[in-house]
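Order of the sequence lines fixes the chain letters, A, B, ..., with proteins taken first and strands second; residue numbering starts at 1 for each chain. The structure displayed is predicted, hence computed values, not measured ones.
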There are 2 protein chains.
Amino acid sequence: MSKTLVIGASGQIGQLITKTLVESKEVARALVRDKSKLDEFKGSELEIVEADLEEDFSHAFDGIDNVIFVAGSGGSTGADKTLLIDLWAAKKAVDYAQKTNIKQFIMLSSIGADDPDAMESDIKPYLVAKHMADQYLMASGVPYTIVRPGPLTNDEGEGKITTRRPTTIKEMKIPRADVAKSILYILSREDLNGKIFELFNGSYDIDTILSIEFDLS
Amino acid sequence: MSKTLVIGASGQIGQLITKTLVESKEVARALVRDKSKLDEFKGSELEIVEADLEEDFSHAFDGIDNVIFVAGSGGSTGADKTLLIDLWAAKKAVDYAQKTNIKQFIMLSSIGADDPDAMESDIKPYLVAKHMADQYLMASGVPYTIVRPGPLTNDEGEGKITTRRPTTIKEMKIPRADVAKSILYILSREDLNGKIFELFNGSYDIDTILSIEFDLS
């Protein structure tokens, strides 16, 4: 049975993913800086590894088959942390994945990371960091899927999305729960490699639209 | 006669390089955000192009053979500008160089950019940006030389350097004038490609030590 490492397991999307993995008895390891943030999983089969993403965290990759990178420096920190976490920790994760022959690396990116110059945006420095991290993963030779959701909400997930970019920012939103579900669907598809999906609130079942996208591309 | 583009020509090292190019009648174009910063070159043969590195500056590459990238966001700005200039503008310059078949791209980098994790440093976010920019250039296929000086000083240049890393930070210093001279020597060597030099104050003539390094590596 393959083993999945969740990097950034105490983040909002990270927790949703971890919870589903635990409930569905998948073999998983959660990487967090502070164990206490995952107290709700005490007594479960989940393996928890404490590590600081600003340090060496290569030990977290021992025996791992799949990597889900959902770590982020968060909106309340400065651009120095964007460089150290969103870019550098992601780059290091790709290096570790390369060394340990990871079968699948799923990267949580962001809409706009494909082309940070495309629009005037306050978050352009963040999009630059995500672009370069994505680009590094794509060039690494590690089998990857990159997920680029629109602006995240805490709305209840309805399991309905689209991968076609809507015309207005308002329509681009997507609940974190549906991003988590999409990532878990991708995880289940070990044959996926080299795909980049944008994700928005929509009217298609997650499994349906993502499998169609996969077949089409 | 080949034509050289200096990106960041109004910076301290940029001005030193530009001045020498003008004095030695090289064909050069200086890219600056604000023309008035190069008033001292009025009436010379220097071609000056105004452009904002945060915007599209591809027009500056028309008819160019060699690129010297010595732009930097400077010490007084935040990490957001480090992402936008030191990383993103450098990445864009590499893209433009690729499209216009540049023969030689000389990148001013920094000691520590090879391995930002090597030591605890306040400038680690900056070193991450420089590392990723260097890595992008190295992977681009554009013929390159990367220069990684130690801490820069405004001491008078004596034209004496070393490429061997000294053991103390204090010994690692190097005058900006000697970095400029080293870059101009590299510019004169159109056969150089794929070399990375660290530069420090030392006891060797710039031409001698750099040509030895080139032959050895």
Side-chain angles (χ1 to χ4, degrees), chain A residues 51-59 71-96 98-99 109-110 112-142, chain B residues 51-59 71-96 98-99 109-110 112-142:
Chain A
D52 184 343
L53 293 180
E54 293 189 40
E55 306 291 336
D56 187 323
F57 55 97
S58 55
H59 56 282
S73 60
S76 58
T77 60
D80 52 339
K81 291 293 178 187
T82 304
L83 274 158
L84 295 175
I85 302 296
D86 299 278
L87 178 52
W88 194 242
K91 185 265 182 195
K92 286 194 294 182
V94 172
D95 289 341
Y96 302 149
Q98 210 168 27
K99 277 183 199 140
S109 180
S110 166
D114 57 330
D115 185 4
D117 292 316
M119 45 181 170
E120 285 300 310
S121 163
D122 289 348
I123 62 163
K124 185 171 170 181
Y126 169 77
L127 296 178
V128 165
K130 296 302 284 181
H131 177 99
M132 295 305 289
D134 290 355
Q135 189 272 333
Y136 190 81
L137 172 59
M138 290 156 72
S140 69
V142 174
Chain B
D52 184 344
L53 294 180
E54 294 189 39
E55 306 293 335
D56 187 323
F57 55 98
S58 55
H59 57 283
S73 60
S76 59
T77 61
D80 53 340
K81 291 292 179 189
T82 304
L83 273 157
L84 295 175
I85 301 296
D86 299 278
L87 178 51
W88 193 242
K91 184 263 183 197
K92 286 194 294 182
V94 172
D95 290 340
Y96 302 148
Q98 209 167 29
K99 276 182 197 141
S109 180
S110 167
D114 58 329
D115 184 4
D117 292 316
M119 46 181 168
E120 286 301 311
S121 164
D122 288 348
I123 62 163
K124 186 170 169 182
Y126 169 78
L127 296 178
V128 166
K130 295 303 283 182
H131 177 99
M132 295 304 290
D134 290 355
Q135 188 272 330
Y136 190 81
L137 173 59
M138 289 156 73
S140 70
V142 174

Which heavy atom of [X] sits nearest a heavy atom of [Y], and at what distance?
{"X": "A:F57", "Y": "A:D52", "result": "CD2-O, 4.1 Å"}
{"X": "B:D134", "Y": "B:A113", "result": "OD2-CB, 4.0 Å"}
{"X": "B:A129", "Y": "B:T82", "result": "CB-CG2, 3.6 Å"}

Pairs of heavy atoms under 4.5 Å with chain B: top-ranked of A:M132, A:E55, A:E54, A:K91 =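 Ranked by heavy-atom pairs under 4.5 Å with chain B, first place is A:M132.
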Quick one: side chain to side chain contact (heavy atoms under 4.5 Å, CB included) partners of A:D122, sequence neighbours excluded?
->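 Not a single residue meets the side chain to side chain contact (heavy atoms under 4.5 Å, CB included) criterion with A:D122.
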A:K92 side, atom NZ; A:L53 side, atom CG - distance, nearest 0.5 Å |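 Those atoms lie 7.5 Å apart.
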Under 4.5 Å heavy-atom distance to chain A, tell me which part of B:Q135 shows up: side chain, backbone, both or neither.
->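 The side chain, not the backbone.
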For A:K81, is it the side chain, the backbone, both, or neither that has a heavy atom closer than 4.5 Å to a heavy atom of chain B?
->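 No part of it gets close to chain B.
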Among B:P116, B:G78, B:P125, which residue forms the greatest number of heavy-atom pairs with chain A at distances under 4.5 Å?
->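 The option with the most such pairs is B:P125.
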Considering only heavy atoms and a distance below 4.5 Å, find which of B:D117, B:L87, B:D80 pairs most often with chain A.
->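 Answer, by heavy-atom pair count under 4.5 Å with chain A: B:D117.
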